[in-house]
Amino acid sequence: MTQKKEAGEREGGPVDFAVIYGNGAAMGFAPDQVDRMSFWQFRACIDGFNKANGAEEAIPPPTDAEFDALLEGRSLNGE
């Protein structure tokens, strides 16, 4: 009896295709579209997807004074 592998568990090979297909699906690609990509093309898609969805450097939260100014409808840059 064989057990079903969970996503992320390797089948013994160097590449976990379940993770690759899962990432492709999260970006809207069908498995056959992922199959037609080279690894560098797929990596470029991941980088672009992450950048477009806010995976860049985190923006620091406002200070208490900045937050209060926003709540009061005042400009933060003195205008």
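Position 1 is the first residue of the sequence, and the numbers go up from there.
Taken to the nearest 0.5 Å, the CG atom of Asn50 stands 8.0 Å off from the CE atom of Met27.
Other residues, nucleotides and ligands contribute at most 12 non-hydrogen atoms within 6.0 Å of the CG atom of Asp64.
The shortest distance between side-chain heavy atoms of Phe42 and Asn23 falls below 4.5 Å. You'll find the side chain of Pro31 stays beyond 4.5 Å of the side chain of Phe17, heavy atoms only.
With sequence neighbours excluded, the residues satisfying side chain to side chain donor-acceptor pair (under 3.5 Å) with Asp35 are Tyr21. Checked against side chain to side chain donor-acceptor pair (under 3.5 Å), Asp32 has the following partners two or more places apart in sequence or in another chain: Arg36.
Met37 is not connected to Trp40 by any chain of hydrophobic side-chain contacts under 4.5 Å among Ile, Leu, Val, Met, Phe, Trp and Tyr, and they are in different clusters.
Applying the salt bridge (charged side-chain N to carboxylate O under 4.0 Å, His left out) test to residues at least two apart or on different chains, the pairs with a partner in residues 44-55 are Arg43-Asp47.
Looking at Gln33, its side chain does come within 3.5 Å of a backbone N or O of Ala30 through a donor-acceptor pair.
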